[in-house]
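For the single chain, residues carry numbers from 1 onward in sequence order.
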Amino acid sequence: MIKPLITWVIHKYKNPQFKFDKAVSSTLILELLLLRAIGRFRSLKLLFRFKCPGHIYLGKGVSLFNIRNIHFGRFVTLGNFCHLSGLGYNGVVIGNRVSLGDFSRLVVSTSFNNIGEGITLHDDVAIGEFAYIGGAGGAVIGRACIIGQYFSIHPENHVFTDMTQDIRDQGVHREGVTIGENCWIGSKVTILDGAKIGNGCVIAAGAVVRGTFPDNVIIAGVPARIIKQRDCE
């Protein structure tokens with residue numbers, strides 16, 4: 001009885017194609033529901049910071065800085081010990097049904113004298129554990145992207161042309177990072193400032209990506225390059 005009910009709820013609010021594996025027992029489903037209930041209860045602490053919790057599920061140890069500049073959609077899940085900082089012009093915007101893995105960090109800016117642009121994760125983005133997304137120059141991830149562990153985005157570069165001055169004192173250059181819809185990005189991928197990735201791209205694990213890439217290509221390597229069109233597989 002429990003499986004059909006939960007399947008109906010998932011179909012209605014999250015994934016119309018979802019189906020439980022036959023090896024998943026009702027006991028496991030009840031355990032999952034308990035964990036979700038605990039995560040939902042944790043989200044009530046947002047009320048004490050004048051933020052409506054909506055349909056948010058928080059893991060243990062989640063921390064939020066400048067929460068008034070962090071905007072959540074519905075059915076958002078933040079894993080254990082995630083940290084979000086909204087210090088920036090546009091803050092952090094998280095769409096519906098987004099999930100962020102344990103120990104991940106979304107940090108728009110770490111500088112109070114030159115705050116950054118912002119971070120936007122569109123609907124149905126799923127990111128694995130230990131991700132780091134900076135937003136100094138702006139970072140946008142399109143709808144329905146699935147992303148592996150240890151992923152990082154760095155939309156800012158230090159200027160280092162003056163040999164007489166410390167690099168830390170020469171300022172920064174920011175272009176921003178844009179990732180299109182429906183991309184699959186493997187684990188330990190690094191996206192550098194100025195990268196623009198089209199819709200439907202696949203990025204191999206460990207790639208270091210900079211530059212502009214069209215839709216529906218497979219990208220790999222250090223530095224990353226196009227190795228194949230998806231329609232040629």
Atom CD1 of Ile94 and atom CG of Leu106: how far apart are they, to the nearest 0.5 Å? 6.0 Å
What is the minimum heavy-atom distance between Cys201 and Pro214, and which atoms define it? SG-O, 3.1 Å
Please tell me if the side chains of Ile38 and Arg42 come closer than 4.5 Å, counting only heavy atoms from C-beta onward. yes
Ser104 side-chain N/O to Ala131 backbone N/O, donor-acceptor pair under 3.5 Å: yes
Joint hydrophobic cluster, Leu192 plus Phe213, side-chain heavy atoms closer than 4.5 Å: no
Are Val108 and Ile115 side-chain neighbours, meaning at least one heavy-atom pair lies under 4.5 Å? no
For residues Arg97 and Phe75, determine if any side-chain heavy atom of one lies less than 4.5 Å from a side-chain heavy atom of the other. yes
Distance in Å, Leu58 CG paired with Arg40 CZ, rounded so as to fall on 0.5 Å steps: 9.0 Å
In Å, rounded to the nearest 0.5 Å, how long is the span from CG of Asp231 to NZ of Lys228? 11.0 Å
Is it the case that over 12 heavy atoms from other parts of the model lie below 6.0 angstrom from the CD atom of Glu31? no
Take Val93 and Thr120 through the side chain to side chain contact (heavy atoms under 4.5 Å, CB included) test and state the conclusion after the steps. CA-CA 5 Å; Val93 179; Thr120 299; 4.1 Å; yes
With a 4.5 Å limit on heavy-atom distance, are the side chains of Phe81 and Lys60 in contact? yes
Correct closest heavy-atom pair for Ile191 and Ala195 would be CG2-CB, 3.6 Å
Relative to the ring of Tyr150, is the ring of Phe130 parallel (under 30°), tilted (30 to 60°) or perpendicular (over 60°)? parallel
Check: Gly88 main-chain N/O paired with Asn69 side-chain donor or acceptor under 3.5 Å: yes
Does Phe65 share a hydrophobic cluster with Tyr89, counting links as ILVMFWY side-chain heavy atoms below 4.5 Å and allowing steps through other members? yes
Leu87 reachable from Val107 in the ILVMFWY side-chain graph, under 4.5 Å edges: no
Go through the side-chain N and O atoms of His154 and Ser152 and say whether any donor and acceptor fall under 3.5 Å apart. yes
Let me confirm one number: the CG-CD1 distance from Leu121 to Ile127, rounded to the nearest 0.5 Å. 5.0 Å
Check step by step if side chain to side chain contact (heavy atoms under 4.5 Å, CB included) holds for Phe151 and Ile133. CA-CA 8 Å; Phe151 167 75; Ile133 299 176; 4.1 Å; yes
Count I, L, V, M, F, W, Y as connected when their side-chain heavy atoms are under 4.5 Å apart, and connections chain through other members. Are Val172 and Ile167 then in the same cluster? no
Distance-only, no hydrogens or angles: does the Gln170 side chain make a donor-acceptor pair with backbone N or O of Asp162 under 3.5 Å? yes
Any idea which heavy atoms bring Gly134 and Ala139 closest together, and the distance? O-CB, 3.5 Å
Does a side-chain heavy-atom distance below 4.5 Å link Val140 with His122? yes
If I compare all heavy atoms of Ala136 with all of Pro155, which pair ends up nearest, and what's the gap? N-CG, 3.9 Å
So do Val209 and Ile185 actually touch side chain to side chain, heavy atoms under 4.5 Å? no
Say whether Ile153 and Tyr132 are linked into one hydrophobic cluster, either directly or through other cluster members, by side-chain heavy-atom distances under 4.5 angstrom. no
Lys188 NZ: over 12 foreign heavy atoms closer than 6.0 Å: no
Has Asp215 got a side-chain atom pairing as donor or acceptor with Gly198's backbone, closer than 3.5 angstrom? no
Within the side chain of Ser85, is there an N or O that forms a donor-acceptor pair under 3.5 Å with the backbone of Asn66? no
Interatomic distance, Thr77 atom OG1 to Leu35 atom CG [nearest 0.5 angstrom]: 11.5 Å
Main-chain N/O of Asn96 paired with Asp123 side-chain donor or acceptor, under 3.5 Å: yes
I'd like to know if the side chain of Asp193 reaches the main chain of Glu175, judged simply by a donor and an acceptor atom lying under 3.5 Å from each other, with no hydrogens or angles considered. yes
Can you confirm whether Ile147 sits close enough to Ile141 that some side-chain heavy atom of one is under 4.5 Å from a side-chain heavy atom of the other? yes
Please check this pair: side chain of Asp102 against backbone of Asn80, looking for a donor-acceptor N/O pair closer than 3.5 Å. yes
On a heavy-atom basis, the closest approach of Gly206 and Val222 is O-CG2, 3.6 Å
With a sphere of 6.0 Å drawn around CZ of Arg174, does it hold more than 12 non-hydrogen atoms of other residues, nucleotides or ligands? yes
OG of Ser187 to CD1 of Ile203, rounded to nearest 0.5 Å, is 12.0 Å
Does any part of the side chain of Arg230, heavy atoms only, come nearer than 4.5 Å to the side chain of Ile218, both counted from C-beta? yes
Closest approach of Cys183 to Ile179 (non-hydrogen atoms, all atoms of both residues): SG-CG2, 4.1 Å
